[in-house]
Amino acid sequence: MKPMSVVLKQAVIRRRGTQILGPIDMTLGEAGFSIVIGPNGAGKTSLLKVLHGVERLSSGTVTWSVPDEDARQSQAYVFQKPIMLRRSVRQNLAFPLHLLKVPKAEIAERVQDWSGRIGLHAALDRPATRLSGGEQQKLALARALIRNPQVLFLDEPCANLDGRSTREIETLLLASYHAGTRIIMTTHDLGQARRLASDVVFLLNGHVREQASAQAFFAAQQSDEARAFLNGDIIE
């Protein structure tokens with residue numbers, strides 16, 4: 001499938017009469033490692049869910065450059081708190097491939113490959129729910145990537161991890177990005193944003209306040225709020 005871009009036009013989410021996101025007008029291109037930052041409650045998770053199609057807009061549109069069904073089939077989403085199937089590590093890795101009706105021999109090969117990449121080859125038959133938090137997050141990431149998605153959404157994937165696990169996750173993400181996966185990710189960690197981002201989206205109160213290349217954004221912010229946020233100040 002050809003690379004995909006996405007355009008949001010006047011995208012709005014309202015809940016119980018309160019507008020929590022938008023209106024947003026934004027384009028995300030076919031390639032890149034986009035990092036979405038902003039204070040708690042800025043709308044980062046809602047924006048990811050809108051892009052992935054699991055959050056319904058109250059008004060406005062989200063338009064991918066390919067048909068919606070093709071776009072959904074080519075995407076994967078990793079939550080902040082990893083969701084484990086109550087099955088073995090092997091079965092967790094194999095599950096998305098079974099849904100795609102991948103041949104059994106290829107499933108076995110991919111499972112072996114990805115279990116090695118995340119350091120869980122020796123734990124293939126261990127219940128996934130008994131893994132450590134870092135191991136579960138690596139498994140959730142591998143389960144998303146094993147199906148070779150074109151676009152990967154990640155919601156604060158390292159929020160609760162130690163330095164070693166964070167480094168391992170970032171290594172996996174960068175390898176996937178350099179292999180051609182389009183990544184759109186939220187993070188509260190500005191150091192991580194600087195390490196990973198090709199471009200940055202700064203959200204505040206449900207609005208996109210800035211969108212720029214990572215180099216341009218970190219060199220010179222265009223708004224007082226973005227400067228304050230990078231300085232660690234409290235913004236409202």
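In this chain, numbering begins with 1 at the start of the sequence shown. From a predicted model like this one, the values you see are computed outputs, not experimental measurements. Any value given below was found using the heavy atoms of this structure, including those in side chains, with hydrogens, waters and symmetry copies removed.
Scanning all heavy atoms of the two residues, the minimum distance from Ala214 to Ala197 falls at CB-O, 3.3 Å. Pairing each heavy atom of Leu57 with each of Ala11, the nearest pair is CD2-CB, 3.8 Å. Contact detail for Ala128 and Leu139: the closest heavy-atom pair is CB-CD2, 3.7 Å. Residues Gly32 and Tyr177 approach most closely at C-CE1, 3.4 Å, considering heavy atoms. A pairwise comparison of heavy atoms in Arg56 and Ile13 identifies O-CG1, 4.2 Å as the closest pair. Residues Gly22 and Val12 approach most closely at C-CG2, 4.3 Å, considering heavy atoms.
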Would you check, one step at a time, whether the test side chain to side chain contact (heavy atoms under 4.5 Å, CB included) holds for Leu152 with Ile184? CA-CA 6 Å; Leu152 175 65; Ile184 303 170; over 6 Å; no
Mind running side chain to side chain contact (heavy atoms under 4.5 Å, CB included) on Arg209 and Gln222 for me, showing each step along the way? CA-CA 9 Å; Arg209 296 303 299 270; Gln222 300 302 306; over 6 Å; no
Given Met4 and Ser74, is the side chain to side chain contact (heavy atoms under 4.5 Å, CB included) satisfied, shown in steps? CA-CA 9 Å; Met4 299 183 297; Ser74 301; 3.8 Å; yes
Does the pair Ile35 and Thr186 meet the rule for a side chain to side chain contact (heavy atoms under 4.5 Å, CB included), with working shown? CA-CA 6 Å; Ile35 295 288; Thr186 68; over 6 Å; no
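Judged purely by atom type and a 3.5 angstrom limit, Ser165 has no side-chain atom pairing as donor or acceptor with the backbone of Leu161. Of the possible donor and acceptor atoms, none in the side chain of Glu225 sits under 3.5 Å from a partner among the backbone N and O of Ile235. No side-chain donor-acceptor contact under 3.5 Å links Asn231 to the backbone of Asp233. Panel note: side chain Ser88, backbone Arg126; no donor-acceptor pair is recorded below 3.5 Å. Between the side chain of Gln136 and the backbone N or O of Ile83 there is no donor-acceptor pair closer than 3.5 Å. Here the side chain of Arg182 pairs a donor or acceptor atom with the backbone of Gly29 at under 3.5 angstrom. Without hydrogens or angle criteria, His121 side chain to Gly119 main chain gives no donor-acceptor distance under 3.5 Å. Of the possible donor and acceptor atoms, one in the side chain of Lys44 sits under 3.5 Å from a partner among the backbone N and O of Pro39.
A continuous path of ILVMFWY side-chain contacts below 4.5 Å connects Val36 to Val208, so both sit in one hydrophobic cluster. In terms of hydrophobic clustering, with Ile, Leu, Val, Met, Phe, Trp and Tyr side chains grouped at heavy-atom distances under 4.5 Å, Leu21 and Val62 are assigned to a common cluster. Residues Leu120 and Leu173 share a hydrophobic cluster, clusters being chains of Ile/Leu/Val/Met/Phe/Trp/Tyr side chains in contact below 4.5 Å. Residues Val78 and Leu28 do not share a hydrophobic cluster, defined by chaining ILVMFWY side chains whose heavy atoms lie under 4.5 Å apart. Hydrophobic cluster membership is shared by Leu97 and Trp114, with clusters built from Ile, Leu, Val, Met, Phe, Trp and Tyr side chains linked at under 4.5 angstrom.
In this structure the side chain of Arg147 reaches within 4.5 angstrom of the side chain of Leu100, judged on heavy atoms. Side-chain contact between Thr61 and Leu8: absent, with no pair of heavy atoms (C-beta onward) separated by less than 4.5 Å. A heavy-atom distance below 4.5 Å is not found between the side chains of Leu85 and Gln91. Looking at heavy atoms from C-beta onward, Ser115 lies out of side-chain contact with Arg90 at the 4.5 angstrom threshold. Two residues are said to be in side-chain contact when any heavy atoms from C-beta on lie closer than 4.5 Å; Ser5 and Trp64 fail this criterion. In this structure, Val54 and Leu48 have side chains that are not in contact, with every pair of non-hydrogen atoms separated by 4.5 Å or more. At a threshold of 4.5 Å between non-hydrogen side-chain atoms, the residues Gln75 and Gln150 do not count as touching. Two residues are said to be in side-chain contact when any heavy atoms from C-beta on lie closer than 4.5 Å; Thr63 and Val6 fail this criterion.
Between Phe202 and Phe217, the ring planes lie tilted relative to each other; the angle falls in the 30° to 60° range.
The closest side-chain donor-acceptor pair between Asp155 and Thr45 falls under 3.5 angstrom. Ser223 and Glu210 share a side-chain donor-acceptor pair at under 3.5 Å. Looking at Thr171 and Glu168, their side chains never bring a donor and an acceptor atom within 3.5 Å of each other. Side-chain atoms of Asn92 and Arg143 form a donor-acceptor pair, as typed in the model, at a separation below 3.5 Å. There is a side-chain donor-acceptor pair under 3.5 Å between Thr187 and Gln192. There is a side-chain donor-acceptor pair under 3.5 Å between Asp199 and Ser34.
Annotation for Arg130: atom CZ does not count as buried by contact number, only 12 or fewer foreign heavy atoms lying within 6.0 Å. Surrounding CD1 of Ile234 are at most 12 heavy atoms belonging to other residues, nucleotides or ligands under 6.0 Å away. Summarising the local packing, CD of Gln112 is surrounded by more than 12 heavy atoms from other residues, nucleotides or ligands at distances under 6.0 Å. Taking a 6.0 Å sphere around CZ of Arg227, one finds it holds more than 12 heavy atoms contributed by other residues, nucleotides or ligands. Counting non-hydrogen atoms of neighbouring residues, nucleotides and ligands closer than 6.0 angstrom, the CD atom of Gln215 reaches no more than 12 such neighbours.
Remark: His98 NE2 to Leu93 CG distance equals 10.5 Å, nearest 0.5 Å. For the atom pair Glu135 CD and Met84 CE, the distance stands at 10.5 Å (nearest 0.5 Å). The line from CG of Leu174 to CD1 of Ile169 is 11.5 Å long, rounded to the nearest 0.5 Å. If you take CG on Leu141 and CD1 on Ile118, they are separated by 8.0 Å, rounding to the nearest 0.5 Å. Separation of atoms CZ (Phe153) and CG (Leu51) is listed at 5.0 Å; rounding is to 0.5 Å. Expressed to the nearest 0.5 Å, how far NE2 of His188 lies from SG of Cys158 amounts to 9.0 Å.
By the 4.0 Å N-to-carboxylate-O rule, Arg195 lies close enough to Glu170 to be salt-bridged with it. By the 4.0 Å N-to-carboxylate-O rule, Asp113 lies too far from Arg110 to be salt-bridged with it.
For Asp25, the side-chain hydrogen bond (donor to acceptor under 3.5 Å, both in side chains) test picks out Gln10, with sequence neighbours left out.
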